[in-house]
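Please read these numbers as outputs of a predicted model, since none were measured by experiment. Remember, it's 1-based here, ligands and their atoms both numbered in the order they're listed.
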Amino acid sequence: MSSEKILITGSNGQLGTVIATRLIEKHGHDNVILSDIKGPSESVQKFEFLDILNKNALSEVFKKHNVTQVYHLAAILSATGEKIPMKCWEVNVTGYLNVLEACRETGVKKIFFPSSIAVFGSDAQKKNAPQNSALNPSTVYGMSKVSGEHWSSYYSHRYDMDIRSLRYPGVIGYQSLPGGGTTDYAVEIFHEAILHGKYTCFLSEHTGLPMIYMDDVVNATMMLMEAPKENITIRTSYNLEGDSFTPAEIATEIQKHIPAFEMSYAPDERQQIADSWIDSMDDTAARKDWKWRPKFILPDMVEDMLTNLRELGLESKKKIYNLEN
Ligand code: NAD
Ligand code: AKB
């Protein structure tokens with residue numbers, strides 16, 4: 001069994017719940033410690049209530065469990081971040097610095113930090129944005145991720161820590177619900193298509209954004225974290241591409257499975273955020289350094305989402321929407 005002790009911050013979120021499952025499969029329940037400010041929805045073997053703004057508590061928990069690796073997933077996402085910008089900066093930047101300092105103090109060397117397409121601003125090349133683009137985001141979330149990328153590089157070089165990072169696209173998965181992002185529509189649309197046969201999208205129909213399927217995100221994260229150290233040439237964050245598409249293109253693909261599905265559009269304040277992001281990015285470095293290749297493009301994602309959400313059945317409808325039947 002694994003000699004690693006892996007702690008996940010923000011483990012109850014959209015990604016944490018799924019990444020935790022994969023890490024537990026690989027390393028065993030005893031070696032994966034979940035943590036969040038809110039309790040888990042199901043009982044888990046090792047869970048700590050842990051606020052990343054409390055640095056002493058982070059150090060105590062790392063020492064208590066002899067932690068060797070941290071997957072730092074706690075954050076406030078783009079749309080929520082624009083409502084509470086100071087809190088977003090505090091959690092995403094001060095919270096990350098607390099994690100880095102607690103790691104340095106307790107000898108944790110290996111850390112995963114998720115960045116985002118939100119690092120790109122409206123001056124970045126829209127299609128196939130290069131790895132080394134100018135990063136001038138217009139959201140506080142994007143600013144916090146640019147800052148996190150620089151701190152990752154700084155701690156890697158200054159303190160010889162092994163910090164690895166990916167610029168995740170918007171993540172689509174059936175396993176969990178998204179938590180306050182601009183790309184959330186691409187998950188909501190599937191739930192609404194199955195439950196009500198229609199969806200009103202908060203982005204306009206031709207808003208192209210980079211997206212990725214949950215299975216690919218988990219695979220990419222594991223591939224990056226397991227790659228030999230000498231293969232890691234980028235210590236800020238790797239561009240990562242799954243597939244890129246618009247709300248209209250998802251709707252058309254859903255209609256192939258649910259012909260009566262109706263899509264309408266009522267763009268809100270999230271449109272401005274999406275407009276400032278790129279359409280797609282160049283992930284040549286990830287492909288070269290640790291052999292990244294996505295498995296899912298839009299038609300595969302749509303088929304897999306609909307199949308799995310249907311298989312989850314009424315139980316999940318009740319859980320997600322609090323419906324009687
Ligand atoms: P999420 O919002 O679903 O989950 C974040 C979790 O962090 C929540 O469970 C929340 O309770 C927890 N949290 C918030 N403040 C905390 C604090 N002070 N201390 C401890 N925990 C706290 O987010 P997610 O979608 O799972 O995202 C995980 C990471 O991936 C984030 O860094 C996010 O920026 C990044 N990311 C996500 C996506 C996506 O589409 N989901 C895309 C790009 C990047
Ligand atoms: C968001 O929309 O905020 C996230 C992200 C792309 O970082 N899903």
Side-chain angles (χ1 to χ4, degrees), residues 7-20 34-41 47-55 57-58 61 70-84 87-99 102 111-120 137 139-149 152 165-173 175-188 202-203 207 209-214 216-218 220-221 237-242 244 269-274 276-278 281:
L7 182 128
I8 307 176
T9 68
S11 65
N12 294 340
Q14 185 194 7
L15 293 177
T17 46
V18 190
I19 287 179
L34 310 187
S35 77
D36 204 296
I37 35 170
K38 46 179 204 213
S41 55
F47 181 84
E48 296 279 355
F49 281 97
L50 189 54
D51 184 343
I52 59 165
L53 295 178
N54 184 343
K55 197 192 127 278
L58 282 163
V61 169
V70 172
Y71 283 65
H72 173 50
L73 305 183
I76 290 178
L77 274 66
S78 58
T80 306
E82 289 308 288
K83 294 192 182 114
I84 45 169
K87 185 74 183 173
C88 178
W89 183 262
E90 192 186 13
V91 171
N92 294 6
V93 182
T94 309
Y96 183 37
L97 282 169
N98 286 341
V99 169
I111 299 157
F112 175 70
F113 170 72
S115 186
S116 161
I117 49 167
V119 294
F120 298 101
T139 61
V140 68
Y141 173 69
M143 287 156 55
S144 75
K145 290 295 182 186
V146 173
S147 174
E149 289 190 5
S152 299
S165 175
L166 297 170
R167 288 175 181 154
Y168 284 151
V171 180
I172 300 178
Q175 301 92 330
S176 49
L177 289 171
T182 304
T183 57
D184 293 11
Y185 89 86
V187 178
E188 288 171 10
F202 59 75
L203 297 184
T207 309
L209 286 171
M211 295 285 180
I212 190 165
Y213 203 50
M214 185 66 86
D216 276 334
V217 153
V218 177
T221 308
S237 191
Y238 280 94
N239 277 6
L240 184 79
E241 179 76 5
S244 288
E269 68 285 351
R270 288 168 282 193
Q271 183 65 46
Q272 214 181 344
I273 301 177
S276 75
W277 291 352
I278 52 164
M281 60 188 143

Look at [atom] and find which of [options] reaches it with the closest heavy atom.
atom	options	value
atom 6 (C) of ligand 2	Pro178, Ser116, Gly179	Ser116
atom 44 (C) of ligand 1	Pro114, Ser115, Ala118	Ser115
atom 5 (C) of ligand 1	Pro210, Gly179, Ala75	Ala75
atom 21 (N) of ligand 1	Ala74, Ser11, Cys88	Ala74

**Request:** Please indicate whether any nitrogen or oxygen in Leu177 is less than 3.5 Å from any nitrogen or oxygen in ligand 1.
**Result:** no
**Nitrogen or oxygen atoms of Ile52 and ligand 1 under 3.5 Å apart** = yes
State, without any angle test, whether [X] and [Y] hold a side-chain donor-acceptor pair at a distance under 3.5 Å.
X	Y	answer
Ser165	Ser115	no
Ser152	Tyr96	yes
Thr207	Gln271	yes

Separation of [Y] [atom2] from [X] [atom1] (nearest 0.5 Å):
X	Y	atom1	atom2	result
Asp216	Glu241	CG	CD	11.0 Å
Leu15	Gln175	CG	CD	10.0 Å
Cys88	Lys83	SG	NZ	12.0 Å
Asn239	Ile278	CG	CD1	6.5 Å
Leu209	Thr183	CG	OG1	7.5 Å
Ile52	Thr9	CD1	OG1	6.0 Å

By number and element, which atoms of ligand 1 are closer than 4.0 Å to a non-hydrogen atom of [X]?
X	value
Leu50	19 (N), 20 (C)
Gly10	6 (C), 7 (O), 12 (C)
Asp36	6 (C), 8 (C), 9 (O), 10 (C), 11 (O), 12 (C), 21 (N)
Ser116	43 (C), 44 (C)
Gly13	1 (P), 3 (O), 4 (O), 9 (O), 26 (O)
Asp51	17 (C), 18 (N), 19 (N)
Gly170	40 (O)
Lys38	9 (O), 11 (O)

To which protein heavy atom is [atom] closest, and what is the distance rounded to 0.1 Å?
atom	result
atom 1 (C) of ligand 2	Ser78 OG, 3.3 Å
atom 28 (C) of ligand 1	Leu73 O, 3.3 Å
atom 37 (C) of ligand 1	Leu15 CD1, 3.7 Å
atom 38 (C) of ligand 1	Val171 CG2, 4.0 Å
atom 43 (C) of ligand 1	Tyr168 CB, 3.3 Å
atom 16 (C) of ligand 1	Ile37 CD1, 3.5 Å
atom 2 (O) of ligand 2	Thr182 N, 2.6 Å
atom 8 (N) of ligand 2	Thr183 OG1, 2.8 Å

Please work out, at 4.0 Å between heavy atoms, whether the side chain, the backbone, both, or neither of [X] comes within that distance of ligand 1.
X	answer
Leu77	side chain
Ser35	neither
Lys145	side chain
Pro169	backbone
Gln14	both

**Request:** Indicate, as side chain, backbone, both or neither, the part of Tyr185 found under 4.0 angstrom from ligand 2 when only non-hydrogen atoms are considered.
**Result:** neither
Looking at every non-hydrogen atom in both residues, tell me the closest pair between [X] and [Y] and how far apart they are.
X	Y	answer
Asn92	Tyr141	ND2-CD1, 3.6 Å
Phe120	Met281	CE1-SD, 4.0 Å
Arg270	Gly181	CD-O, 4.1 Å
Ile172	Tyr213	O-CD1, 3.2 Å
Leu73	Gly16	CD1-CA, 3.5 Å

Does [X] reach the side chain of [Y], with side-chain heavy atoms less than 4.5 Å apart?
X	Y	value
Val119	Ser237	no
Pro210	Trp277	no
Val171	Met214	yes

**Request:** Can you spot which of Leu7, Thr221, Leu34 makes a side-chain contact (heavy atoms from CB on, under 4.5 Å) with Tyr71?
**Result:** Thr221
**Request:** May I ask whether Tyr141 has any heavy atom positioned less than 4.0 angstrom from an atom of ligand 1?
**Result:** yes
**Asked** Going by the atom numbers of ligand 2, which of them fall below 4.0 Å from some non-hydrogen atom of Ile117?
**Response** 6 (C)
**Message:** At less than 4.0 angstrom from any non-hydrogen atom of Leu77, what atoms of ligand 2 do you find?
**Reply:** 3 (O), 4 (C)
